[in-house]
**Q** 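Quick one: the structure is below, questions incoming.
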Amino acid sequence: MDESEKNEKLGYLDNKFSKNRISKSVKEKERRLPQLPFSEKGVVMRFAPNPSGPLHLGHARAALLNDEYVREYGGKYILRIEDTDPKRVDPDAYRTVLEDIDWLGLQITDVVYQSSRLSLYYENARQLIEIGGAYACTCDNEEFRLLKGRKEVCPCRSQSEKETLDLWDKMEEGFFKEGEISLRLRTQIDHPDPAMRDFPLFRILNSPSHPRVEAHLYPLMNFSVSVDDHYLGVTHVIRGKDHIANTCRQKFIFDYFGWQIPYYRHYGRMGIEGVVLSTSDIRKGINEGRYTDWDDIRLGTLRALGRRGITPAAVRRAVLEIGIGETDIQFSWENLFAKNKEIIDPVSHRYFFVPDPVAVKISGTKPTIAKASLQPSDPLQGSRNIAFHDTVYIPSVELNRKIEYLRLKDLFNILIKIEDGTISAEYAGNSLEEARSKKAPIIQWLPYEENVPCTLLTPEGVVKGLCEQGVLNETGKEVQFERVGFVKIDKFDKGEITAYFTHR
RNA sequence: GCUGCUAUAGUGUAGUCCGGCCAAUCAUGUCGGCCUUUCACGCCGACGACUGGGGUUCGAAUCCCCAUAGCAGCACCA
């Protein structure tokens, strides 16, 4: 897919093809994000995931919000892979994160890996030490925590720049083992917020080994992020409010170096109804066999959403509507589904799917071929031909409703007869008007001879049924099973179609 | 415990900075109707909110104070 195709798919190109009624009304409904200050000359923004697993809805918000601003103001959009903690790096994630970003349609202009920038961090650490901004602390963690709580300095804090530099050399050389020493920033030990007091900048890690680089001395995020944001020229940072404290911490670092601080904006926490979002919890669930994989449709990962038929454009619209407010919110599937429907309804092909099918022989008529529209709002997309011989499958629920007069959609009316437990039907005319006036249910059906088994996976359970053979051409696409809902055709395997229920 | 952020209908969101045009916007949802060879789409209508209490003011969703609730940070994670 080239760039323009991609944009069009995401609803960005307002070209001659998108002048139809639906996309126009959608466009009018779209609201804009609030303006960012200092954006006149364009912006440099970044999306900075930790490569610990595939991306989920929470990542999508950060990624899409930033993406949208870069699209609006122009500039650079940097993907920064934050892999400075080998404990939290999943080698596969280097690939999956990129795949997910591609799916989302982000306009990334630059990609950097923090693990390739360790020497930059070391150099800046050295500088920071030289100007007296940091000291090497050998205190026990718990001990330091207690001192900090009492606003008391630790003995290491009084070391001279020379002493710190010597210790730093040893840290770089590998003289210290994990946990023995860390480099701390000199902030204010009596800062009212305990979270600000002399927080750490670097630590030693002897294991596990890093998949991309040989190292033992790693920066902590507040240092690497500050250094990168500065050297990469980041102008605006949109991130979750769980980073508010980090923003304050990073300002201490910027101040030491005399760097210009980017514009920060923090959006609120986002909870998602009934879904596990945490990467570590998902991983655990997969390992324990509770989920099939990262794209298990019960998950909130982007690949899971894609698999059940949620489009990236819908995710984008939903996320932009939520915006950058600081209020904690409850993300609702209803709203996402509505956005998705806006997108897929006008283009999804329609098919009949008959759940729990019952065969009914119809007397009093001759074989014929029904013509049904593939896409009712756009006849140009063609139609399906469904052959009627003499027996059809209809959903068993329709019989349970005890209504005798029915219309088979796009075919004709029938009268159901149940005698001694055998079900049959009689042809009852072609008139649609008559069916309407008698308020006959208009139902989906399939010929006895031509159909294909289909398993529909829904949140409520598995529905076995039959569907039209035309569905075989729709693998990987979203279609609508008439009177059932939108589904994504997952695969055709062993003579059977598997589909995932997307939403009504 | 300390520090900070937030608070508009079931959900999301506009309005809050610079008080009156807000008996509060839009979307979604639910219900009802219309349209329609789908229980989809579209159209019409209804339902539904300023967390509470004080204060300032002629006038407060909007400013101030207190309370309450939710969330975050106080990691050698990001």
Side-chain angles (χ1 to χ4, degrees), chain A residues 21-22 25 28-31 34 48-52 82-85 87-89 114 137 139 141 144-145 148-149 151 178-184 191-197 199-205 217-222 224-225 239-249 266 268-271 273 279-280 317-323 325-339 341-342 344-346 348 350-352 370-373 375-377 407-413 432-433 435-436 440-444 480-486 503-504:
Chain A
R21 182 171 44 94
I22 290 105
S25 73
E28 282 161 4
K29 275 186 241 164
E30 262 175 321
R31 221 189 22 264
N50 172 248
S52 56
E82 304 208 330
D83 54 350
T84 53
D85 180 7
K87 288 191 170 82
R88 295 185 30 144
V89 168
Q114 289 193 316
C137 176
C139 292
N141 217 4
F144 185 88
R145 198 181 66 81
K148 180 175 71 177
K151 301 185 180 178
E178 188 165 333
E180 289 179 347
I181 195 165
S182 62
L183 188 74
R184 288 187 181 280
H191 194 285
D193 184 350
M196 294 305 127
R197 297 172 196 158
F199 57 88
L201 265 20
F202 279 85
R203 45 62 201 275
I204 310 279
L205 243 38
L217 178 58
Y218 294 95
L220 272 328
M221 71 95 82
N222 282 302
S224 49
V225 164
R239 48 170 20 170
K241 78 181 188 182
D242 43 327
H243 283 294
I244 288 178
N246 290 323
T247 295
C248 296
R249 286 193 270 232
H266 303 94
R269 293 269 303 173
M270 185 169 83
E273 301 166 344
T279 302
S280 54
R317 283 183 195 174
V319 160
L320 295 186
E321 182 169 278
I322 287 167
E326 289 181 66
T327 318
D328 297 339
I329 58 150
Q330 195 55 35
F331 182 91
S332 96
W333 293 107
E334 267 178 7
N335 292 339
L336 211 213
F337 290 164
K339 300 287 174 206
K341 200 187 275 182
E342 283 174 3
I344 65 174
D345 181 75
S348 301
R350 313 285 138 132
Y351 291 99
F352 289 154
K371 235 179 167 48
S373 180
Q375 177 37 253
S377 63
R407 181 176 179 83
L408 303 180
K409 185 167 182 283
D410 302 304
L411 192 62
F412 47 60
N413 310 328
L432 174 61
E433 289 66 35
R436 280 248 179 77
I442 300 173
I443 67 167
Q444 75 274 37
Q480 190 203 44
F481 282 164
E482 297 196 51
R483 308 208 318 136
V484 174
F486 293 90
H503 47 67
R504 282 208 62 82

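This one's a predicted model, so the numbers in the text were calculated from it and none came from an experiment. Throughout, a chain's letter reflects where its sequence line sits, starting with A, and its residues are numbered from 1.
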**Q** B/rC39 P sits how many Å from A/His503 NE2, rounded?
**A**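 So the two atoms are 18 Å apart, to the nearest Å.
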**Q** A/Ile442 has an atom CD1; how far is it from atom P of B/rC41, in whole Å?
**A**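 A/Ile442 atom CD1 is separated from B/rC41 atom P by 17 Å.
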**Q** For A/Gln375 and B/rA40, what is the distance between atoms CD and P respectively, to the nearest whole Å?
**A** 15 Å
**Q** Starting at atom CZ of A/Phe202, determine the distance to atom P of B/rA78, rounded to an integer number of angstrom.
**A** 11 Å
**Q** Check every strand shown and say whether A/Pro376 touches a base, only sugar-phosphate, or nothing at a heavy-atom separation below 4.0 Å.
**A** base
**Q** With heavy-atom distances below 4.5 Å as the criterion, would you say the side chains of A/Arg407 and A/Leu432 are in contact?
**A**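 When only atoms from C-beta onward are counted, A/Leu432 and A/Arg407 do touch, with a gap below 4.5 Å.
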**Q** Remember a base hit wins even if backbone is also touched, and classify A/Ser52 as base, sugar-phosphate or nothing at under 4.0 Å, heavy atoms.
**A**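 The residue A/Ser52 makes no contact with any strand.
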**Q** Does the side chain of A/Ser332 reach to within under 4.5 Å of the side chain of A/Glu273, using non-hydrogen atoms?
**A** yes
**Q** Provide the closest heavy-atom pair for A/Lys341 versus A/Arg504 in the form atom of the first, atom of the second, distance.
**A** CE-O, 2.7 Å
**Q** Protein-nucleotides 73-75 of chain B N/O pairs closer than 3.5 Å?
**A**
{"from": "B/rG73", "atom 1": "N2", "to": "A/Asp193", "atom 2": "OD1", "distance (Å)": "3.4"}
{"from": "B/rC74", "atom 1": "O3'", "to": "A/Lys148", "atom 2": "NZ", "distance (Å)": "2.9"}
{"from": "B/rC74", "atom 1": "O2'", "to": "A/Lys148", "atom 2": "NZ", "distance (Å)": "3.1"}
{"from": "B/rC74", "atom 1": "O2'", "to": "A/Pro194", "atom 2": "O", "distance (Å)": "3.4"}
{"from": "B/rA75", "atom 1": "OP2", "to": "A/Lys148", "atom 2": "NZ", "distance (Å)": "3.0"}

**Q** Are any of the side-chain nitrogens in A/Arg239 or A/Glu82 under 4.0 Å away from the carboxylate oxygens of its partner?
**A**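 Answer for the salt bridge query: no.
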**Q** Can you tell if the side chain of A/Leu408 reaches within under 4.5 Å of the side chain of A/Ile443, non-hydrogen atoms only?
**A**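 The answer is yes, as the side chains (C-beta and beyond) meet within the 4.5 Å cut-off.
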**Q** If the cut-off is 4.0 Å, is A/Arg504 near the phosphate of B/rC39, judged by side-chain N/O to OP1 or OP2?
**A**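 A/Arg504 to B/rC39 OP1/OP2: no side-chain N or O under 4.0 Å.
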**Q** Return the NE2 to CZ distance between A/His191 and A/Phe199, rounded to the nearest 0.5 Å.
**A** 10.0 Å
**Q** Rounded to whole angstrom units, what separation is found between the CG atom of A/Leu432 and the P atom of B/rU38?
**A** 8 Å
**Q** Taking the side chain as every heavy atom from C-beta outward, state whether A/Lys339 and A/Glu321 have any pair of such atoms under 4.5 Å apart.
**A**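 The answer is yes, as the side chains (C-beta and beyond) meet within the 4.5 Å cut-off.
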**Q** For nucleotides 5-10 of chain B, read 5' to 3', which letter fits each nucleotide if B means a protein heavy atom sits under 4.0 Å from the base, S means only the sugar-phosphate is that close, and - means neither?
**A** BSS--B
**Q** Base, sugar-phosphate, or nothing: which does A/Gly179 touch, judged by heavy atoms less than 4.0 Å apart?
**A**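 Base, at least one base atom sits under 4.0 Å.
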**Q** Nearest to the side chain of A/Arg483, heavy atoms from C-beta on, is which of B/rG12, B/rU38, B/rA78?
**A**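 That would be B/rU38.
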**Q** Side-chain donor or acceptor of A/Glu321 under 3.5 Å from a matching atom on the base of B/rU28?
**A**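 A donor-acceptor contact between them is absent.
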**Q** Does any part of the side chain of A/Asn50, heavy atoms only, come nearer than 4.5 Å to the side chain of A/Met221, both counted from C-beta?
**A**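 They are not in side-chain contact.
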**Q** Provide, to the nearest angstrom, the distance between the CG atom belonging to A/Leu320 and the P atom belonging to B/rU28.
**A** 17 Å
**Q** Please report, rounded to the nearest Å, how far the P atom of B/rG29 is from the CD atom of A/Gln330.
**A**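 Taking atom P of B/rG29 as the reference, CD of A/Gln330 is at 18 Å.
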**Q** Under the ring pair (Phe, Tyr, Trp, His ring centres under 6.0 Å) rule, collect the residues that match up with A/His503, sequence neighbours excluded.
**A**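 So A/His503 forms a ring pair (Phe, Tyr, Trp, His ring centres under 6.0 Å) with A/Phe337, A/Phe486.
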**Q** Classify the nucleic acid contact of A/Gln480 as base, sugar-phosphate or nothing, counting any heavy atom under 4.0 Å across all strands shown.
**A**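 Answer is base: heavy atoms of A/Gln480 come under 4.0 Å of a base.
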**Q** Could you list the residues that satisfy salt bridge (charged side-chain N to carboxylate O under 4.0 Å, His left out) with A/Lys371, not counting sequence neighbours?
**A**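 In terms of salt bridge (charged side-chain N to carboxylate O under 4.0 Å, His left out), with neighbours along the sequence ignored, A/Lys371 is linked to no residue.
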**Q** Any chance you could encode RNA chain B as dot-bracket? Rule is Watson-Crick or G-U wobble with both distances under 3.5 Å; [ ] for pairs crossing earlier ones, | for another strand.
**A** (((((((..(((.......[.....)))((((((.......))))))...(((((..]....))))))))))))....
**Q** Counting the atoms with a prime plus P, OP1 and OP2 as sugar-phosphate, which does A/Phe486 contact under 4.0 Å by heavy atoms, base, sugar-phosphate, or nothing?
**A**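 Sugar-phosphate, backbone atoms only, no base.
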**Q** Any side-chain N or O of A/Arg407 below 4.0 angstrom from OP1/OP2 of B/rU37?
**A**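 No, A/Arg407 has no side-chain N/O under 4.0 Å of OP1/OP2 on B/rU37.
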**Q** Want to settle it: does A/Ile329 or A/Gln114 sit nearer the 5' end of RNA chain B, counting the closest nucleotide to each?
**A**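 Here A/Ile329 is the residue nearer the 5' end.
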**Q** Taking the side chain as everything from C-beta on, heavy atoms only, tell me whether A/Val225 gets closer than 4.5 Å to A/Asn246.
**A** no
**Q** Using a cut-off of 4.0 Å on non-hydrogen atoms, how would the nucleic acid contact of A/Asp410 be classed: base, sugar-phosphate, or nothing?
**A**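 Base contact.
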**Q** Under the rule for side chain to side chain donor-acceptor pair (under 3.5 Å), what residues qualify as partners of A/Asp85, not counting sequence neighbours?
**A** none
**Q** From B/rA78, B/rA27, B/rA72, pick the nucleotide closest to the side chain of A/Lys339?
**A**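 Looking only at side-chain atoms, A/Lys339 lies closest to B/rA27.
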**Q** Under 4.0 Å, counting only non-hydrogen atoms across every strand here, what does A/His243 touch: a base, just sugar-phosphate, or nothing?
**A** base
**Q** When you measure from the side chain of A/Arg269 to the backbone of A/Asp328, do you find a donor-acceptor pair of N or O atoms at a distance under 3.5 Å?
**A**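 Between the backbone of A/Asp328 and the side chain of A/Arg269 there is no qualifying donor-acceptor contact (under 3.5 Å).
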